[in-house]
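Treat the numbers as computed from the prediction; the structure is a model and nothing was measured. For this chain, numbers begin at 1 and follow the sequence in order.
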Amino acid sequence: MALRVAVIGGGPGGLFLASQLMAADKGAEVTVLERHQPDDAFGFGVVFSDATLGAIFEADPVVRQALADHGHHWDPVEVWLKGERRSFAGNGMAAVHRKKLLSVLHERARAAGVDLRFGEDVDAERLARLRDEYDVVVGADGANSLVRGLLGEQVLGHHVAEASAKFIWFGTRHLFDGLTFVHQQSAHGNFAAHAYPISEDVSTFIVETDEASWRAAGLDEFDVTQPAGPSDEKTRRYLTDLFEADLAGAEILANNSRWTSFRTRSTERWYDGNVVLLGDAVHTAHFSVGSGTKMAMEDGIALARALAAGHPDLTTAFAAYQAERQPDVARIQSAARGGLGWWERFGEYYDAFEPTRFGFHFFSRSINIDRIERRDPVLVKEVRDAWVAAHGSPALETPLVCGSMRTSGRVLGWDGTDLYDGAVRLPGAAAVVVVVDGTDGYDKVFRSEALRLRTGTPTVVVLREGDRLDAETLVLSGRADAVAEVR
């Protein structure tokens with residue numbers, strides 16, 4: 001008997017799943033129910049990393065073709081601040097307008113035999129009918145998923161962590177060369193934009209700021225409870241003026257553009273009965289890692305494979321799908337944690353660091369210097385040379401001088417009570433430095449740099465087995481003054 005599947009949500013993940021299901025089972029009946037119209041597309045660009053698209057390209061060349069025909073590709077990432085620019089090479093990425101990607105995926109789905117239905121709202125009553133009428137119902141309806149809510153978020157073990165930083169999604173007529181992070185300081189605080197080209201005449205332009213700056217600028221006045229559609233014009237005018245030089249006077253474009261805070265979502269159980277969730281409906285990762293659409297499409301590949309694998313029942317198929325995807329999602333969310341945390345505090349870094357150190361701090365938020373050097377040895381040489389010019393020796397060979405304490409370098413030892421410089425015990429070191437220890441590497445680094453930047457206190461971060469931390473990266477980036485290895 002042919003498998004009958006209803007997909008609620010016609011975003012990239014739902015559409016890709018529908019096509020994959022038809023490819024895996026020619027006799028399947030797949031219907032996509034989308035509440036918007038075919039030409040509706042909120043937001044601007046979708047960005048993909050070259051290094052992460054292998055599975056999607058292998059499953060279906062449609063995305064590769066869309067990027068080749070309609071997208072923009074670049075290699076370096078740039079950071080602009082204080083009148084200077086820093087570049088990080090070896091980061092191949094491509095972006096395409098969301099509306100164009102959806103159009104291509106619509107065509108692909110129709111060609112595969114998918115029944116696309118637009119203007120279709122699904123409420124509790126409709127979901128109940130769909131569960132009776134179809135073998136499988138897929139909730140691919142985004143981060144604010146109605147399907148997830150109707151299944152019961154407590155039942156599914158759904159968790160949400162809301163960031164304090166604010167962001168708003170715009171476009172601009174200024175065409176950036178590639179992924180560019182632009183920083184400006186106004187009388188009210190610090191603002192930064194994530195910008196990248198998505199067509200021949202439009203770039204995505206996402207702006208972030210901290211809550212205090214947002215309120216000080218009076219940008220908290222727009223009523224976000226009103227229905228989708230109207231954009232925040234006061235904010236658009238404010239940011240047009242603030243980033244005028246960076247945009248060369250170009251227009252900022254709005255599309256349902258409103259301030260919000262990013263919510264990281266995770267879910268313990270991705271299915272209930274014959275309903276299964278996909279993409280942002282079940283997990284999110286901060287957009288600074290550019291993986292939301294990719295993760296949703298990879299979910300689609302895995303779910304289609306699980307449904308076609310001949311499992312004895314849906315529960316087994318859904319469990320196999322979740323088991324395949326959950327570890328990769330957890331890895332991406334872990335990497336995104338560093339990116340999201342960086343954007344929570346970028347104003348502090350802007351105020352504290354000169355451009356070279358600021359750029360390296362940004363580029364090393366999720367990876368260490370050895371990986372950065374493989375991609376861009378010129379950047380790493382510039383960072384190391386800047387340190388030597390300022391201190392007279394390489395970072396880890398530079399003495400740490402605090403009060404009467406002077407070490408031979410920046411890699412020390414730690415026995416749980418005292419610091420050691422080689423074989424020399426440094427009793428009383430805790431009086432002049434703070435030793436930061438713990439089992440969570442991210443938390444250690446955050447506490448260390450917060451002490452350094454907010455109080456001027458020198459810090460030593462303890463490196464333990466399993467920590468993905470690197471001594472030279474921590475010191476050069478300003479996250480710690482030194483490290484200590486456990487004895």
Side-chain angles (χ1 to χ4, degrees), residues 43 45-49 52 77 79 81 88 91 93 142-144 158-169 179-183 189-196 204-214 258-267 279-296 326 328-350 352-353 358-368 371-372 438 440-450 453-454 468-469 473-474 477-479:
V46 178
V47 64
F48 298 95
S49 165
T52 64
V77 173
V79 172
L81 76 157
F88 177 18
N91 295 278
M93 295 183 183
N144 298 315
H158 185 71
H159 305 281
V160 183
E162 183 169 338
S164 62
K166 302 293 181 180
F167 75 93
I168 190 167
W169 202 296
L179 183 56
T180 307
F181 297 93
V182 187
H183 296 262
N190 293 288
F191 293 79
H194 311 227
Y196 52 88
T204 286
F205 197 71
I206 308 169
V207 179
E208 290 203 73
T209 189
D210 60 272
E211 186 172 2
S213 300
W214 176 68
R258 305 168 176 203
W259 289 102
T260 189
S261 296
F262 190 83
R263 295 174 178 86
T264 300
R265 299 180 178 275
S266 58
T267 310
D280 283 355
V282 70
H283 52 67
T284 59
H286 190 253
F287 49 82
S288 61
V289 298
S291 291
T293 300
K294 179 194 83 78
M295 285 196 297
Q326 204 162 33
D328 189 51
V329 168
R331 179 185 59 78
I332 293 172
Q333 287 184 321
S334 177
R337 185 183 178 196
L340 187 152
W342 194 94
W343 286 105
E344 292 276 270
R345 298 179 288 276
F346 75 88
E348 290 186 63
Y349 309 142
Y350 181 97
F353 299 144
F358 180 94
F360 183 69
H361 191 282
F362 175 68
F363 297 141
S364 62
R365 65 198 186 281
S366 298
I367 60 175
N368 289 324
R371 290 180 60 190
I372 296 175
D440 186 325
Y442 173 84
D443 179 66
K444 281 192 291 192
V445 171
F446 167 64
R447 287 188 286 124
S448 171
E449 69 175 15
L453 299 183
R454 297 171 187 174
R468 296 180 180 179
L469 302 175
T473 307
L474 293 175
S477 67
R479 292 179 169 92

**Heavy-atom closest pair, residues S164 and E344** = OG-OE1, 2.9 Å
**Asked** In chain order, what residues pass the side-chain contact (heavy atoms from CB on, under 4.5 Å) check against S213, with sequence neighbours excluded?
**Response** F191, T209, D210
**Message:** Testing the basics here: between W259 and V207, what is the closest heavy-atom pair and its distance to 0.1 Å?
**Reply:** CZ3-O, 3.7 Å
**Asked** Roughly how far, to the nearest 0.5 Å, is NZ of K166 from CZ of F262?
**Response** 14.0 Å
**Asked** Of all heavy-atom pairs between N190 and Y350, which one has the smallest distance, and what is that distance?
**Response** OD1-CD2, 3.4 Å
**Inter-residue atom distance T180.OG1 - Y196.OH, 0.5 Å rounding** = 11.5 Å
**Request:** State, yes or no, whether a side-chain contact exists between I332 and K294 at a heavy-atom distance under 4.5 Å.
**Result:** yes
**Prompt:** Is a side-chain donor-acceptor pair under 3.5 Å present for R479 with T473?
**Reply:** no
**Worked verdict on S266 versus H283 for side chain to side chain donor-acceptor pair (under 3.5 Å)** = CA-CA 5 Å; S266 58; H283 52 67; over 6 Å; no
**Request:** List the steps and the verdict of side chain to side chain contact (heavy atoms under 4.5 Å, CB included) for W169 and T204.
**Result:** CA-CA 8 Å; W169 202 296; T204 286; 3.8 Å; yes
**Message:** Check whether R371 reaches the backbone of N368 with its side chain - one donor and one acceptor, N or O, closer than 3.5 Å.
**Reply:** no
**Request:** Can you sort out the partners of H194 under ring-ring contact (aromatic ring centres under 6.0 Å, His included), two or more places apart, ordered by chain and number?
**Result:** F181, F287, W343
**Message:** Evaluate I206 against I168 for side chain to side chain contact (heavy atoms under 4.5 Å, CB included), listing each step before the verdict.
**Reply:** CA-CA 6 Å; I206 308 169; I168 190 167; over 6 Å; no
**Message:** Classify the ring geometry of H361 against F353: parallel below 30°, tilted from 30° to 60°, perpendicular beyond 60°.
**Reply:** tilted
**Prompt:** For the atom pair CG (N91) and OG (S49), what is the distance rounded to the nearest 0.5 Å?
**Reply:** 7.5 Å
**Prompt:** How far apart are the C-alpha atoms of K444 and L469, what are their side-chain angles, what is the distance that settles it, and do they pass the side chain to side chain contact (heavy atoms under 4.5 Å, CB included) test?
**Reply:** CA-CA 10 Å; K444 281 192 291 192; L469 302 175; 4.3 Å; yes
**Item:** Pairing of R454 and E449 as salt bridge, 4.0 angstrom limit
**Value:** no
**Message:** Test side chain to side chain contact (heavy atoms under 4.5 Å, CB included) on L179 and V47; report intermediate values, then the result.
**Reply:** CA-CA 9 Å; L179 183 56; V47 64; 5.9 Å; no
**Message:** Distance alone, cut at 3.5 Å: any donor-acceptor contact between the side chains of T264 and Q333?
**Reply:** no
**Complete:** For S364 and S477, the nearest pair of non-hydrogen atoms, with its separation, is OG-CB, 3.9 Å
**Sequence-distant partners of F358, ring-ring contact (aromatic ring centres under 6.0 Å, His included), two or more places apart** = H183, W342
**Fill in**
When every non-hydrogen atom of A352 is compared with those of L453, the smallest separation belongs to CB-CD2, 3.7 Å
**Request:** Mind checking salt bridge (Lys or Arg N to Asp or Glu O under 4.0 Å) for D443 and listing every partner two or more places apart, or none if nothing turns up?
**Result:** R447
**Item:** Non-hydrogen atoms of L340 and S288 that approach each other most closely
**Value:** N-OG, 4.2 Å
**Request:** Could you tell me which residues satisfy side-chain contact (heavy atoms from CB on, under 4.5 Å) with R263, sequence neighbours excluded, listed by chain and number?
**Result:** V160, E162, T260, R265
**Item:** Separation of S261 OG from E208 CD (nearest 0.5 Å)
**Value:** 9.5 Å
**Asked** With R345, which residues qualify under side chain to side chain donor-acceptor pair (under 3.5 Å), at least two apart?
**Response** Y349, Y442
